[in-house]
Protein chains: 2
Amino acid sequence: MQDFFVRAGSAVSRSSSSITLDAFDLAILNILQRDNSTPQRVIGEAVNLSAPAVQRRIRRMDDAGVIQANVAVIDPAEVGQPITIFVEVELESERADLIDAAKRAFTAAPEVQQCYYVTGEADFVLVVIVPSMGAYEALTRRLFFDNANVKKFRTFVAMDRVKVGLTVPLPR
Amino acid sequence: MQDFFVRAGSAVSRSSSSITLDAFDLAILNILQRDNSTPQRVIGEAVNLSAPAVQRRIRRMDDAGVIQANVAVIDPAEVGQPITIFVEVELESERADLIDAAKRAFTAAPEVQQCYYVTGEADFVLVVIVPSMGAYEALTRRLFFDNANVKKFRTFVAMDRVKVGLTVPLPR
DNA sequence: GCACGCACGAAAAAATCTTGCATTCATCAG
DNA sequence: CTGATGAATGCAAGATTTTTTCGTGCGTGC
């Protein structure tokens, strides 16, 4: 296995410990981000390490925040939430406190699955999951129309969730 | 616990078995989609069911595709991929075969974390993860400029990943 | 009323995860 | 050059979890 190192952590990242990851760690992450129910013994065989060694590395990356969460991915359509919508939101004012207020409001809404604060022609991009267009309409009223600071928003309804996941392209 | 049922599956959903979920299932899903390393015993205590009962329900939902995957969520910044970008892509032609070709091309790119085919002013929305703006520039060349069918695209660079996840709002 | 299907809980069995410990290897000071 | 130190490893034992087995209760339909 080649020598490859990633200096974890960046200027943007929050309170992470910024640990160093080697090729073993990346190989382990690559397995876990596709299936974290893989037994450590199997991972060990795949990366040529003993199960305890794998375990200690996973633990270390967990503690350091490299692994942010371990989650089950649910098909929204299967639980009565078949509609995915993208929303670009443009604010009237970009005052810091108003930006923060918007962040809090969007984060607090369970329908808002993802929220990014962006540069460009919009200020926020949201990924929204709703059971019906009616529910979306209600959400827009609650989140946008009742918010004096929202100048406008543009809606993109997803017809096909072509590729969905949080998989990160890992350097090899 | 109240009687609440969700008829899983919809016209949009693929080859799923469309099983019926009750309040127990939803409660279990709600735990798993936040932390799937929670022991079944603990889940059982939370929802008032034995561990084996919890296990059987999880297995059933797994088989039916309600649970699409079990994954570790990795902080991109920690593995040298600090930049998240949204891209709206507009195609020249909306011929079905060209749409499909675009889907395949976007899906195949590891930098494309998420890809949705949408209605509205754009045809596709992408979530892209890259190590640098240079890498993004290279990706746009490969994915958009070398593709004669891409009319134009708009880029939104994420300054803050305010809320990221695949959590689905579950009916209670 | 009775058989059947279905889901449950308790307990046992199997597998996995976790920890302790001795060893190896690389680094570094003397 | 030699020995100390720290970090990471593998093996093996112990703790925990997952999975299976089995008997029971409940609702449905014949």
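Labels below follow one simple rule: chain letters A, B, ... track the order of the sequence lines, proteins then strands, and each chain is numbered from 1. Keep in mind that this is a model prediction, so the values were computed, not measured.
Using modelled atom types and a 3.5 Å distance limit, the side chains of B:Glu78 and A:Gln68 yield no donor-acceptor pair. Under the 3.5 Å distance criterion, with hydrogens and angles disregarded, no donor-acceptor pair is assigned to the side chains of B:Asn70 and A:Asn36.
Applying the 4.0 Å criterion to OP1 and OP2 of D:dT19, one finds that B:Gln55 has a side-chain N or O inside that range.
When the ring pair (Phe, Tyr, Trp, His ring centres under 6.0 Å) test is applied to B:Tyr136, no partner is found at least two apart in sequence or on another chain. A:Arg41 is linked by a side chain to side chain contact (heavy atoms under 4.5 Å, CB included) to A:Glu45, counting only residues two or more places apart in sequence or in another chain. Remark: B:Arg34 engages no residue in a salt bridge (Lys or Arg N to Asp or Glu O under 4.0 Å) (not counting sequence neighbours).
The stretch residues 31-42 of chain A touches DNA chain C through A:Pro39, A:Gln40, A:Arg41, each having a heavy atom within less than 4.0 Å of the strand.
Two rings, from B:Tyr116 and B:Phe124, have their centers 6.0 Å or more apart.
Taking atom CZ of A:Arg60 as the reference point, atom P of D:dG6 lies 18 Å away to the nearest angstrom. The distance between atom CG of A:Leu49 and atom C1' of D:dA8, rounded to the nearest whole Å, is 9 Å. Rounded to an integer number of Å, the gap from B:Arg59 CZ to D:dT18 C1' is 12 Å. Atom CG of B:Asn70 is separated from atom P of D:dT18 by 12 Å (rounded to the nearest Å).
Bounding nucleotides for the chain A contact on DNA chain C, 5' to 3', at a heavy-atom distance below 4.0 Å, are C:dT16 to C:dG20.
The aromatic rings of B:Phe144 and B:Phe153 sit tilted, their planes meeting at an angle between 30° and 60°.
Just one of A:Asp35, A:Ile31, A:Leu49 meets the side chain to side chain contact (heavy atoms under 4.5 Å, CB included) condition when paired with A:Ile43; it is A:Ile31.
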Open item on the list: Pair B:Met61, A:Ile74 - check side-chain contact (heavy atoms from CB on, under 4.5 Å), show working.
Closed with: CA-CA 9 Å; B:Met61 294 190 285; A:Ile74 298 172; over 6 Å; no

TODO: Please test B:Asp123 against B:Lys103 for salt bridge (Lys or Arg N to Asp or Glu O under 4.0 Å), starting from the C-alpha separation and ending with a verdict.
DONE: CA-CA 11 Å; B:Asp123 296 305; B:Lys103 285 185 185 181; over 6 Å; no

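The residue B:Arg57 sits close only to the backbone: its heavy atoms come under 4.0 Å of sugar-phosphate atoms, none of a base.
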Provide a list of protein-nucleic acid N or O atom pairs under 3.5 angstrom, restricted to nucleotides 21-24 of chain D.
none

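Side-chain contact between A:Leu170 and B:Gln81: absent, with no pair of heavy atoms (C-beta onward) separated by less than 4.5 Å.
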